[in-house]
There are 2 protein chains.
Amino acid sequence: MVQITNIAPLFKDMAKLEHDYSLACQECSLYRLCLPLGLHHKDLAQLDKIIKRRQSYKRGETLFTTEQSFKSIYVVRSGSFKTTISTSNGRDQVTSFYFPGEFIGLDALYQASYQSNAKALETSSVCEVPFDALQELGKEMPQLQIQLLSRLSKELSGDKSLMLLLGKKTADEKLATFLLSLSKRFSDRGFSASEFQIMMSRGDIANHLGLAVETVSRVFSRLQEEGLITTNGKEISLRDIEKIKTLCL
Amino acid sequence: MVQITNIAPLFKDMAKLEHDYSLACQECSLYRLCLPLGLHHKDLAQLDKIIKRRQSYKRGETLFTTEQSFKSIYVVRSGSFKTTISTSNGRDQVTSFYFPGEFIGLDALYQASYQSNAKALETSSVCEVPFDALQELGKEMPQLQIQLLSRLSKELSGDKSLMLLLGKKTADEKLATFLLSLSKRFSDRGFSASEFQIMMSRGDIANHLGLAVETVSRVFSRLQEEGLITTNGKEISLRDIEKIKTLCL
DNA sequence: TAATCACATTGATCAGGATCAATAAAAAGG
DNA sequence: CCTTTTTATTGATCCTGATCAATGTGATTA
């Protein structure tokens with residue numbers, strides 16, 4: 001059996017996370033969720049050197065588009081992003097949402113150009129990791145390569161699950177699955193698993209789940225009538241997680 | 001006890017293509033599509049040592065299931081496979097089809113167990129690549145790591161495209177897109193881009209595209225009436241590829 | 001603070017594709 | 001080879017979720 005990673009959740013100081021964009025990997029509260037996991041101290045320092053800490057992006061601002069050639073992968077430092085791809089006639093699909101510690105742009109390295117458009121969902125910041133430099137480092141740090149492979153593999157299995165959702169689940173099941181996925185990710189990051197603020201619009205959610213906005217709205221209302229959740233705009237609280245789990249299938 | 005370890009060489013003359021499972025990477029006709037691409041000759045020899053050539057699988061036979069722990073990735077040598085994942089209540093989704101030179105099991109390395117079930121669609125064979133050994137080799141061959149990353153990334157972008165298909169395309173668009181994807185993959189492998197045999201059932205296709213069998217059948221008939229394709233069971237020929245392209249969106 | 005604009009909810013109606021049903025055609029198996 | 005089983009096609013009907021429409025609720029800006 002090949003055991004690759006053990007991303008244990010935990011981080012404490014929210015304030016740091018939000019505001020100190022220059023914070024080095026060594027002191028970053030995302031350490032356990034991020035790329036450096038498993039690196040030795042001296043290797044970490046080297047990784048730290050190649051990472052560019054970037055200014056924040058405001059809601060709706062673009063991180064990259066399919067027009068740009070691939071140079072870097074991005075790790076969310078604070079806030080959140082969405083990626084979309086489009087048909088030639090302008091319909092588009094929200095392929096993923098990204099939270100702190102998650103990698104954006106991994107699907108780009110094959111074609112050497114970004115395969116999707118990435119936009120901030122709220123005021124957010126990222127660490128930019130130039131891929132060339134990362135590969136150079138990787139030659140001397142197998143652990144880093146493994147980390148990277150592991151991330152790609154994780155995204156891959158997430159995508160397969162979404163295929164199952166898109167292809168085989170009903171509207172109710174889709175939304176239940178989505179809410180639990182958010183819950184898990186918030187709780188992995190030290191936030192409440194049952195009460196959180198969603199920063200994506202109903203439209204984004206609907207699009208991501210292959211539904212119409214109206215359907216999402218109706219399912220939210222129905223779940224609320226049944227006492228499974230409470231919503232107030234962007235505030236969501238899951239009142240009966242166990243029951244919601246049974247809805248996911 | 002007489003151990004019969006390697007019978008294959010005895011049959012060297014029998015259709016190398018299909019049946020010589022012991023054929024080394026150096027002589028393999030899939031070279032350009034496969035893992036070794038870009039490796040130096042001596043590195044290739046080393047890679048060759050860790051690869052296990054496996055007996056063939058018959059239609060419907062299992063390559064691996066979600067119950068098994070992850071040890072190896074598999075490269076299709078001949079034939080084809082499908083992978084599926086399932087909901088807790090038994091609905092399942094065909095997540096991908098795999099052709100010669102393509103890698104199966106890449107989504108497994110994150111959780112160290114296979115995330116899907118892989119089955120042969122016809123009499124097929126694979127090369128088994130033990131992941132531990134591959135990682136060891138990778139330490140000395142950056143090119144190999146890059147190849148691996150590249151493959152993961154490629155699968156990732158394929159999956160994103162499928163999300164777009166599942167979430168935003170109509171039945172006609174789905175089937176047109178699917179046919180062209182097959183066409184491309186056959187032509188990449190030196191076969192005709194316009195005439196080929198599909199080895200997956202209508203059910204598999206329907207499931208993969210998030211449709212009912214009946215719908216797939218009807219769309220096939222409609223495309224045929226419109227003179228865009230000809231079908232005869234598993235034989236498909238694309239009569240007007242340009243027009244089919246316009247259907248994909 | 002009003003005015004504008006983007007987003008959300010709810011209702012009424014519609015349609016694409018699912019489901020049900022029957023038959024036909026291939027495979028598989030004895 | 002004939003029998004049995006699986007897979008494919010075609011038709012009739014139904015239903016989930018899309019679309020259209022109207023109103024409500026927040027946000028942003030002047």
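Everything quoted here is computed from the prediction, not taken from an experiment. Keep in mind that the numbers below use all heavy atoms, side chains included, and drop hydrogens, waters and symmetry copies. Every chain is numbered from 1 and lettered A, B, ... according to where its sequence line falls, protein lines coming before strand lines.
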For [N], does OP1 or OP2 lie under 4.0 Å from any side-chain N or O of [X]?
X        : N      : result
B:Ser221 : D:dT10 : yes
B:Ser217 : D:dT10 : no
B:Lys234 : C:dA27 : no

Starting at atom [atom1] of [X], determine the distance to atom [atom2] of [N], rounded to an integer number of angstrom.
X        : N      : atom1 : atom2 : answer
A:Asp172 : D:dC15 : CG    : P     : 17 Å
A:Met200 : C:dA8  : CE    : P     : 12 Å
B:Arg91  : C:dA18 : CZ    : C1'   : 13 Å
A:Phe220 : C:dC7  : CZ    : C1'   : 14 Å
B:Met199 : D:dA8  : CE    : C1'   : 18 Å
B:Asn207 : C:dA18 : CG    : P     : 11 Å
B:Lys58  : C:dA28 : NZ    : P     : 12 Å
B:Leu175 : D:dA8  : CG    : P     : 13 Å

Task: Helical bend (five base pairs per end, nearest 10°) for the helix from C:dT1-D:dA30 to C:dG30-D:dC1 - done: 60°
TODO: Return the nearest nucleotide to the side chain of A:Leu211; candidates are C:dT9, D:dT9, D:dA18.
DONE: D:dA18
Task: Passing candidate, salt bridge (Lys or Arg N to Asp or Glu O under 4.0 Å) with B:Glu102, options B:Arg77, B:Arg151, B:Arg189 - done: B:Arg189
- [ ] For B:Ser157, enumerate each residue passing the side chain to side chain contact (heavy atoms under 4.5 Å, CB included) test, keeping only those at least two apart in sequence or located in another chain.
- [x]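 Residues passing side chain to side chain contact (heavy atoms under 4.5 Å, CB included) with B:Ser157: A:Asp107, A:Tyr110, A:Gln115.
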Task: Polar side-chain atom of B:Ser124 near backbone of B:Glu122 as donor-acceptor pair, under 3.5 Å - done: yes
- [ ] Check for a donor-acceptor pair, side chain of A:Arg53 on one end and backbone N or O of A:Glu128 on the other, with a separation under 3.5 Å.
- [x]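 Side chain of A:Arg53 to backbone of A:Glu128: no pair is present.
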- [ ] Heavy atoms under 4.0 Å is the rule here; annotate nucleotides 19-30 of chain D 5' to 3' with B where the base is hit, S where only the sugar-phosphate is, and - elsewhere.
- [x] BB----------
Using only heavy-atom distances, determine whether the side chains of [X] and [Y] contain a donor-acceptor pair under 3.5 Å.
X        : Y       : answer
A:Asn89  : A:Thr87 : yes
B:Asn117 : B:Lys82 : no
A:Ser125 : A:Ser78 : yes

Task: Pair B:Tyr98 and B:Phe81, ring centroids less than 6.0 Å apart - done: no
- [ ] Nearest-nucleotide wise, let me know which of B:Lys174 and A:Gly203 is further upstream toward the 5' end of DNA chain C.
- [x]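 It is A:Gly203 whose nearest nucleotide is closer to the 5' end.
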- [ ] Look at all strands and tell whether A:Gly60 reaches a base, only sugar-phosphate, or nothing, counting heavy atoms closer than 4.0 Å.
- [x] nothing
- [ ] Could you go through the salt bridge (charged side-chain N to carboxylate O under 4.0 Å, His left out) check for A:Arg239 and A:Glu195 one step at a time?
- [x] CA-CA 9 Å; A:Arg239 289 307 175 83; A:Glu195 304 199 2; 5.2 Å; no
